[in-house]
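Note that the coordinates shown come from a computational prediction; the quantities given were computed from them, not determined experimentally.
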Amino acid sequence: MTTLQQAGSAQAQRNRRRALVASVFGTAIEWYDYALYGAAASVVIGPLFFSGAGDSAASIAAFATFAVGFVARPLGGVVIGHLGDRYGRRPAMLLSIILMGIATVGIGLLPTAQSWGAWSVGLLVLFRLVQGFGAGAELTGAMTLVAEYSEPKKRGFYTSLVLSTPPLGIALATICFFLVSLPGEEVLLGWAWRIPFLISALLFVVAIYIRNKLEETPEYAKTMAAAKANADSAKLPVREVFESHTPRVILGFFAITGHNAVNYIIAVFSIGLMVSSGMDRSAALLAVTLGSLVSVLLTPLGGWLADRYGASRVLAAGNVSGVLLAFPIFWMLATDQFLFGLLAVAAGYALIIPCTSGAQGAFLTELFPVKVRFSGIAIARELNGALVAGLSPLIAAALLELGNGSITLPATYLAACCLSSVIAIYLGTRATKRQLY
């Protein structure tokens, strides 16, 4: 290898590491923000912004504001995904992190309904929409960036490092709420709940600094140069996605349905269920924190397995586990025992999520061609986010209420989501082999 080749290889390694750090850090912040609001929805949003309603109505209203953020995610995914495919991955990822930062800090500064009445609720919804718009392309951009810097045979492992950070973000968020809840409910509802939101300001400054130094991925630059030379540049990537790749969008949507249902029911809904079943709020937050950390360690193993045995097989295996574990997880969450609650969260994050997260990056990035990859993944993921991830805690709460506290209906919903993913992956794999799309 010549000196010039060695210098080029060293630069490529630096760019790959920088891309990985920027993606991991940004993804951790995204999920910190979303889990932060999820924990707040379970604990403080109802009393602070919907105190005029009854306990059940306030809880459902709080989860509804959580779901609102997911309404904006598909639009954010389309718009920012278009920017990512048309103008480059770097500007799209900068815009995403800036919007999330503004919204999260805004929520932390927002007066409660006692001070501003309906205006505070309206601004809360607005900030959630902005937060969702920015987050609509965050994880997609991070996966795409890392995948395009990685060798195809190692995409599962490297993208799994990015996808292992959501549980870390969830853990950091629940740790923050656990700490600020220790002085008691009066202090928590008075001012302490704002602290975790305001901490985000420092995190976003660091993330913006790192991302501002990113370079465009070699795979994207090469593809765009070839497209330009052949006058084949996609002026509106989202249009090309729907005109030429709709079956891939449908497959991507259903392939991650089980993952999103499991993830958000455990991260968000489980806290309220454990508390309503008699567990102390601090203990419930601690159970989610400790249980979610398991996935941080095991998701890279899922990525390694995806590289070795195939992303679709590992993704399907995780969803099969979800079908089998849905009822045991809900049963353990509905007890008032800390150990059972911890085991329930750990079961989801040790057996289901490592497979569905570890294999997801390779599965989705290989599903779409480079010039529409950002848009295609963003559309599939964020449509699912709006219809499954964002609504799952609300659906689970409504089904629990409908069943008079019985876990049967919400557990059945969770199992059905995982089963739909298994079927989609099976049918999609067969279609790929027959080259039907």
Side-chain angles (χ1 to χ4, degrees), residues 26-27 29-51 53 57-80 95-113 115-139 166 169-170 173-174 176-177 193-201 203-204 260 263-265 267-269 271-272 378 381-398:
T27 301
I29 293 175
E30 176 202 355
W31 284 75
Y32 170 84
D33 287 350
Y34 258 69
L36 194 62
Y37 192 86
S42 297
V43 178
V44 302
I45 295 298
L48 292 175
F49 292 90
F50 303 100
S51 56
S59 176
I60 291 175
F63 284 129
T65 62
F66 179 76
V68 160
F70 286 86
V71 174
R73 287 185 71 125
L75 180 59
V78 169
V79 174
I80 301 177
L95 177 60
S96 174
I97 203 78
I98 289 170
L99 290 174
M100 287 195 301
I102 292 171
T104 303
V105 175
I107 291 172
L109 296 173
L110 187 64
T112 65
S115 301
W116 281 19
W119 282 101
S120 65
V121 176
L123 286 171
L124 178 67
V125 172
L126 176 62
F127 282 134
R128 282 291 295 156
L129 288 171
V130 173
Q131 191 181 53
F133 188 93
E138 174 57 38
L139 185 53
I170 292 170
T174 48
C176 282
F177 254 91
W193 70 273
R194 300 179 184 276
I195 295 175
F197 288 95
L198 298 178
I199 288 174
S200 289
L203 301 178
F204 281 111
N260 276 340
N263 207 14
Y264 282 88
I265 283 176
V268 179
F269 175 75
I271 298 172
R381 289 195 79 258
E382 300 313 327
L383 283 175
N384 191 280
L387 298 175
V388 179
L391 292 177
S392 282
L394 178 61
I395 290 171

For residues Leu110 and Phe197, determine if any side-chain heavy atom of one lies less than 4.5 Å from a side-chain heavy atom of the other. no
Once side-chain hydrogen bond (donor to acceptor under 3.5 Å, both in side chains) is applied, do any residues pair with Asp33, and if so which ones, sequence neighbours excluded? Thr104, Ser200
List for me each residue that meets side-chain hydrogen bond (donor to acceptor under 3.5 Å, both in side chains) alongside Arg128, sequence neighbours excluded, and say none if there are none. Gln131
Minimal non-hydrogen separation, Ala378 against Gly77, with atom names: CB-O, 3.5 Å
Mind checking the CG-CZ spacing from Leu139 to Arg73? Nearest 0.5 Å is all I need. 8.0 Å
Smallest heavy-atom separation, Val79 atom then Phe133 atom, equals CB-CZ, 3.8 Å
Kindly determine whether Tyr37 and Leu124 satisfy side-chain contact (heavy atoms from CB on, under 4.5 Å), including the steps that lead there. CA-CA 11 Å; Tyr37 192 86; Leu124 178 67; 3.4 Å; yes
Out of curiosity, Asn260 CG to Asn384 CG, how far, rounded to the nearest 0.5 Å? 4.5 Å
Shortest non-hydrogen contact from Ala137 to Gly76? CB-O, 4.3 Å
At their closest point, which heavy atom of Ile265 faces which heavy atom of Ser392, and how far apart are they? CG1-CB, 4.0 Å
Rounded to the nearest 0.5 angstrom, the CD-OG1 distance for Glu138 and Thr27 is 5.0 Å
What's the spacing between Leu123 CG and Leu109 CG if we round to 0.5 Å? 11.5 Å
